[in-house]
Amino acid sequence: MSIVVVGSVAFDTVRTPFGEVDNALGGAATFFSVAASYFSPVNVVAVVGDDFGEEHLAVFEEHGVDARGIERAPGRTFRWGGEYSLNLNERTTLFTELNVFESFQPKLPPEYLESPYVFLANIDPELQMSVLEQVEAPRLVACDTMNFWIDGKLEALQRLLRKVDVLVVNDEEARELSECYNLVAAANAIMGMGPTAVVIKRGEYGVLAFLGNDVFFAPAYPLDRLADPTGAGDTFAGGFMGYLATCGKLDPASLRRAIVAGSVMASFCVEEFSLAGIRNLDQEAIARRYRAFQLLTEFGDL
Ligand code: AMP
C-alpha cells in the first residue's frame, strides 16, 4: 500500500567533526522517501526552485518514488545549514531559508489522493494540514515536527495534532511541546493532544515508543563509524512507515517491528554524509542489519 509524504526537499550545508558538505541534496521528505522506498510505494509532495537539477530529481526516480507531486517554482530551493558537536548529539542550526516553501500551496496529484498511509514530515504545520485535508480516507497519519515550528507555529501544530495518530519526534521536541521534562509524562501529555502513539527518537540512545498502552524500547545500532546524523530521524520515519504500509497491520507487534525497521534504516543513514548511506542498499543488507538488531537485545530466560 502506498504512502504520501509532504516535507522539505532541500540543499543542506552540514559540518560534523568528520567532514562537511555544501548544498548536498537533503530535506526531510527526501530522506523519508528514499528510506521508505525499500519497503513500499511512495508519493512525495514538495516544492523546489529553479536551482534544482534533473540529477537531483533522478534520486527519487532511481528509488521508484513517484515525484509528480514535486512542484517547481521560480526562486531558490529550501536551504538549511547545521553544525554538530564532537559527540554528534548536539546540533546548532546555522541557517534556515524557506525560499520557495514560503508561498507553497500543495495540490496533490489525483493518483495520490487514495494513499492509505500519510506522513507529514517536518515542514510548516499549515502545509502539513493542507496535505492531510486532501487525502481521502487515510488509514494511518503520522507526523514529525521540530523546535522551529513548535516555537513559531504552535497553534497550527496543535490543530494538526488533533488529526494525527502517531507523532514521531526527538526527545527535546517532545519536552518542548509538552512542557514536561520526564519523557513518560511528556508522551502522556502529547497523547492528550490527539495522537494515540508517540515515538521518541533519542539519537545514540535509541527510540522510546509509547504505543497506546504498550511501551517499547529499541536501541540504536552500535556503529564504529558515524559521519553525519542529518536526516536520521526522517530516515527512521521512512523505515517505520514503509514497513507498516507493506505489512498492512497496526497491532502492537507490527508497530514494534516497524520501529526496528526504522532504526535499521537510520543506522545506515548516519554512516555517511547526506543520502549516501541509504542510496544503494538492498534487501539483503537490510535483513542482515535487522537480524543484528534482534541479536543485540536477545537474552534467554533467567
Ligand atoms: P533531521 O536530522 O531528521 O532533523 O532532519 C534534517 C533535515 O531536515 C535536513 O535535511 C534539513 O534540510 C531539514 N530541515 C531542517 N530544518 C527544517 C525546517 N525548519 N523545516 C523543514 N525541514 C527542515
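When reading the values below, keep in mind they use all heavy atoms of this one structure, side chains included, and skip hydrogens, waters and symmetry mates. Whatever order the structure lists ligands and atoms in, that order sets their numbers, starting from 1.
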Visitor: Any non-hydrogen atom of Phe236 lying under 4.0 Å from ligand 1?
Guide: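 In this structure, Phe236 fails to qualify as a contact of ligand 1 - no heavy atom is under 4.0 Å.
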Visitor: Say whether Gly231, considering both its backbone and side-chain N or O atoms, lies within less than 3.5 Å of an N or O atom on ligand 1.
Guide: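 Yes; the residue has a nitrogen or oxygen that sits under 3.5 Å from a nitrogen or oxygen of the ligand.
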Visitor: Can Asn89 and Glu204 be counted as having a side-chain donor-acceptor contact under 3.5 angstrom?
Guide: yes
Visitor: Answer yes or no: are there more than 12 heavy-atom neighbours, outside Glu111 itself, under 6.0 Å from its atom CD?
Guide: yes
Visitor: Are Arg139 and Tyr117 close enough, and set up right, to give a side chain to side chain donor-acceptor pair (under 3.5 Å), and what steps lead you there?
Guide: CA-CA 6 Å; Arg139 176 152 189 243; Tyr117 293 81; 2.7 Å; yes
Visitor: What's the shortest distance from atom 8 (O) of ligand 1 to any protein heavy atom, and which residue and atom give it?
Guide: Ala28 N, 4.0 Å
Visitor: Would Asp234 count as a polar contact of ligand 1, with the cut-off being nitrogen or oxygen pairs under 3.5 Å?
Guide: yes
Visitor: What atoms in ligand 1 come closer than 4.0 Å to a heavy atom of Phe31?
Guide: 10 (O)
Visitor: Under the ring-ring contact (aromatic ring centres under 6.0 Å, His included) test, which residues partner Phe119, sequence neighbours left out?
Guide: Phe32
Visitor: Which ligand 1 atoms are under 4.0 Å away from a heavy-atom of Gly233?
Guide: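 Reading through ligand 1 atom by atom, the close ones are 3 (O).
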Visitor: Provide, to 0.1 Å, the distance between atom 15 (C) of ligand 1 and the closest protein heavy atom, together with that atom's residue and name.
Guide: Trp80 CD1, 3.3 Å
Visitor: Any nitrogen or oxygen of Gly27 lying under 3.5 Å from a nitrogen or oxygen in ligand 1? Just yes or no.
Guide: yes
Visitor: Starting from atom 11 (C) of ligand 1, locate the nearest protein heavy atom and write down its residue, its atom name and how far away it is, to 0.1 Å.
Guide: Asp12 OD1, 3.4 Å
Visitor: Does Asp171 pair with Arg202 as a salt bridge, N-O distance under 4.0 Å?
Guide: yes
Visitor: Apply the test side chain to side chain donor-acceptor pair (under 3.5 Å) to residues Glu172 and Asn170: give CA-CA distance (whole Å), side-chain angles for both, the deciding distance (0.1 Å), then the verdict.
Guide: CA-CA 6 Å; Glu172 285 317 309; Asn170 71 30; over 6 Å; no
Visitor: For ligand 1 and Ser8, I'd like to know whether there is a polar contact (N/O to N/O, distance under 3.5 Å).
Guide: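 There is such a contact, yes.
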Visitor: Would you kindly say whether Ser2 and Ser115 are connected by a side-chain donor-acceptor distance under 3.5 Å?
Guide: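 Judged by distance alone, the side chains do pair up.
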Visitor: Looking at Phe148, which atoms of ligand 1 are within less than 4.0 Å of one of its heavy atoms?
Guide: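 Numbered from 1, ligand 1 contributes 19 (N).
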Visitor: Can you give me every donor-acceptor pair (side chain of residues 228-235, partner residue at least two apart or in another chain, under 3.5 Å) with its distance?
Guide:
unit_1: Asp228; atom_1: OD1; unit_2: Thr230; atom_2: N; d: 2.9
unit_1: Asp228; atom_1: OD1; unit_2: Thr230; atom_2: OG1; d: 2.7
unit_1: Asp228; atom_1: OD2; unit_2: Ser274; atom_2: N; d: 3.3
unit_1: Thr230; atom_1: OG1; unit_2: Tyr84; atom_2: OH; d: 2.8
unit_1: Thr235; atom_1: OG1; unit_2: Gly231; atom_2: O; d: 2.8

Visitor: If we only consider heavy atoms of Arg79, is any one of them less than 4.0 Å away from an atom in ligand 1?
Guide: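 Judged by the 4.0 Å heavy-atom criterion, Arg79 does not count as contacting ligand 1.
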Visitor: Check contact between Phe101 and ligand 1, using heavy atoms of the residue and a distance below 4.0 angstrom.
Guide: no
Visitor: Please list the nearest protein heavy atom to atom 20 (N) of ligand 1 with its residue and the distance rounded to 0.1 Å.
Guide: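 That would be Trp149 NE1, 3.3 Å.
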Visitor: Under 4.0 Å from a heavy atom of Ala10: give me the atoms of ligand 1 that qualify, with their elements.
Guide: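 Going through ligand 1 atom by atom, the ones under 4.0 Å from Ala10 are 12 (O).
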Visitor: Counting non-hydrogen protein atoms only, what is the nearest one to atom 4 (O) of ligand 1? Give residue, atom name and distance.
Guide: Arg91 NH2, 3.0 Å
Visitor: Which protein non-hydrogen atom lies closest to atom 21 (C) of ligand 1, naming both residue and atom, and how far is it?
Guide: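 Here the nearest protein heavy atom works out to Asn122 O, 3.0 Å.
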Visitor: Is it the case that Arg289 places NZ or CZ above or below the six-membered ring of Phe268, under 6.0 angstrom from the centre and within 45 degrees of the axis?
Guide: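 Cation-pi check for Arg289 and Phe268: passes.
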Visitor: Restricting to non-hydrogen atoms, name the atom on Val198 and the atom on Ala187 that form the minimum distance, rounded to 0.1 Å.
Guide: CG2-O, 3.8 Å
Visitor: Establish, for the pair Arg79 and Phe11, whether the NZ or CZ atom is under 6.0 angstrom from the six-membered ring centre and no further than 45 degrees off its axis.
Guide: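 No, Arg79 does not sit over the ring of Phe11.
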Visitor: Please confirm whether Thr96 comes within less than 3.5 Å of ligand 1 when only nitrogen or oxygen atoms on both sides are compared.
Guide: no
Visitor: So that I know where these two stand, are Phe104 and Phe101 an aromatic pair - ring centroids less than 6.0 Å apart?
Guide: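 That pair passes the under 6.0 Å test.
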Visitor: In ligand 1, which numbered atoms sit nearer than 4.0 Å to a non-hydrogen atom of Ile123?
Guide: 21 (C)
Visitor: Return the closest protein heavy atom for atom 17 (C) of ligand 1 as residue, atom name and distance.
Guide: Met146 SD, 3.4 Å
